[in-house]
Enquirer: 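Just dropping this structure here.
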Amino acid sequence: MHHSKNIIQSIESFFFLVGDISRFGSRFFREGFKSPIEWREIMRQSVEIGYRSLPLVGITAFIMGLVLTIQSRPTLVEFGAESWLPAMVSVSIIREIGPVITALICAGKIGSRIGAELGSMKVTEQIDAMEVSGTNPFKYLVTTRILSTTLMLPLLVILADVIALYGAYLGVNIKGAVSAQLYFNQVIEALEFSDLIPSIVKSFFFGFAIGLIGCYMGYHSKKGTEGVGKSANSAVVIASLMVFVLDLLAVQITDLFYEL
Amino acid sequence: MSYNTTKDILPHAIEITELKKSFGNNHVINGFNLTVKSQENVAVLGQSGSGKSVFIKCVIGLVKADSGSIKVFGKDILKLKQAELDQVRTKMGFLFQSNALYDSMTVRENLEFPLRRLRMNQSQKETDKQVEEALEDVGLLNTIDLMPAELSGGMKKRISIARTLINRPQIILYDEPTTGLDPITSREINELMNQVHEKYKTSSIIISHDLSCIHRTADRIILLKDGINYTEGSFDQLKTSTDPWVNAFFNT
């Protein structure tokens, strides 16, 4: 009896959370594009989110490209299709590995940063201080961060894709000898717009979800420093989960349009 | 025979009637009434947990009251839309107990923040002048390019007062202005509050349980108990009160 009551409460709080995040998101659309737009803060956040994530995203992408190639080779060799390696790896990177790995790294790095930063501002009453001064803290803190993550993530994904392809090139050449020209010719031949466009489009959604959830968790932080830790943690966990959910939806929608 | 003072003939800055606020079954404010005349400093005194901070946050609209009315310059803030409330807030300043300085910004940026958004047509030269004037008022012009983390507790409080003054508020709400400060710094902050009052002719509500702060700064004191007005009077009147609770509060 007590157990089932707990389950019902958990389900209720899950739907409450979903509803509250949706309301928070709709407020972004209502207030985010109203004048005056905080360009300076958007630029600052874009540098923080985009530029400062580049080394981590780049290194991870390079390793992923390299490892994917090394791991895929034995299977293709078994089927006598080793020459297909650049094509197969590039499609995997562009369609899935690049966007999802980049989004997960950003969910960890950016989501936690935003959650902790806003959470700390909330518990030290800095958000209240903005509000009482007659300015709109939501517009300054939330819309700028969501816009920056939404715009920066696709750029990071594109860069990650390119770097991962270089990693894959190295992987191809570990046990083979393929020139850069031949490798990249094969990559370009294998790729179509139906691989690239959905991948870029879904990364906008990944960026939006990471920004939205990081901001929501931080903005609703409670109970002092413990609450800040929880906000940062929840931001990473929920944003990572959202990346997979959105990826699943993106695959289904892409399937409708392109009949993969 | 009684004579009206200047404060008596000026309109009320704040009128609060039958204010109520509960959190679940915890009835924090139970019908509190308060009138603050123009240029008057009113202190609200009460034990820890008596709802003083909740009350002052209701006045600025950070906590939404359940019922009653809070009229600021005749406008009931409980009935205002967000944009109208923001407009009223530009006439009010709020000094947070924790100072709430923006820790990622310098002192200059802390003070500029509201100006950049509320007075967008103002030139940088004019903004700089205002920031410097506010810092001069609190005697800390030399800290203009420091970060809040580089300041002492007393300095943070002064900068927080300077930020409160930057919009030239007509009403200032002080939430525990001297809590956590040593007696000398507390005295300096009290003097600063009086200087601000003299210079800018502000009305104030001061929330505190620091009797020396209340003594130095308040014209009138209201005691809050169980969410309602328990009694009110001047410091000397309350100090000589025969009521056991008031007596215990003032003479323990």
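Proteins get letters first, then strands, A, B, ... in listed order; numbering begins at 1 in each.
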Enquirer: Which region of A/E117, side chain (C-beta onward) or backbone (N, CA, C, O), has a non-hydrogen atom less than 4.5 Å from a non-hydrogen atom of chain B, or is it both or neither?
Expert: neither

Enquirer: Looking at CD1 of B/I60 and CG of A/D128, how far apart are the two atoms once the value is rounded to the nearest 0.5 Å?
Expert: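 Going from CD1 on B/I60 over to CG on A/D128, the span is 10.5 Å.
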
Enquirer: Under 6.0 Å from the CZ atom of B/F23, do we count more than 12 heavy atoms belonging to anything else shown?
Expert: yes

Enquirer: For A/Y166, does the OH atom have more than 12 heavy-atom neighbours from other residues, nucleotides or ligands under 6.0 Å away?
Expert: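 It does not: A/Y166 OH has 12 such atoms or fewer within range.
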
Enquirer: Can you tell me how far OG of A/S133 sits from CG of B/L111, rounded to the nearest 0.5 angstrom?
Expert: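 That separation rounds to 11.0 Å.
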
Enquirer: Check this for me: A/K109, atom NZ, are more than 12 non-hydrogen atoms of other residues, nucleotides or ligands nearer than 6.0 Å?
Expert: yes

Enquirer: Take atom CZ in A/F205; do more than 12 heavy atoms of anything else shown fall under 6.0 Å from it?
Expert: no

Enquirer: Quick check on the interface: out of B/L62, B/T164, B/T90, who has the most heavy-atom pairs with chain A under 4.5 Å?
Expert: B/L62

Enquirer: In Å, rounded to the nearest 0.5 Å, how long is the span from CZ of B/R89 to CD of A/E131?
Expert: 4.5 Å

Enquirer: Crowded around B/E126 CD? As in, over 12 foreign heavy atoms under 6.0 Å?
Expert: yes

Enquirer: Identify which of B/D103, B/L101, B/V88 forms the greatest number of heavy-atom pairs closer than 4.5 Å to chain A.
Expert: B/D103

Enquirer: Under 6.0 Å from the CZ atom of A/F16, do we count more than 12 heavy atoms belonging to anything else shown?
Expert: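 Atom CZ in A/F16 is not packed in, count stays at 12 or less.
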
Enquirer: Can you check whether A/Q126 reaches B/F96 side chain to side chain, under 4.5 Å on heavy atoms?
Expert: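 Of all side-chain heavy-atom pairs linking B/F96 with A/Q126, none is under 4.5 Å.
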
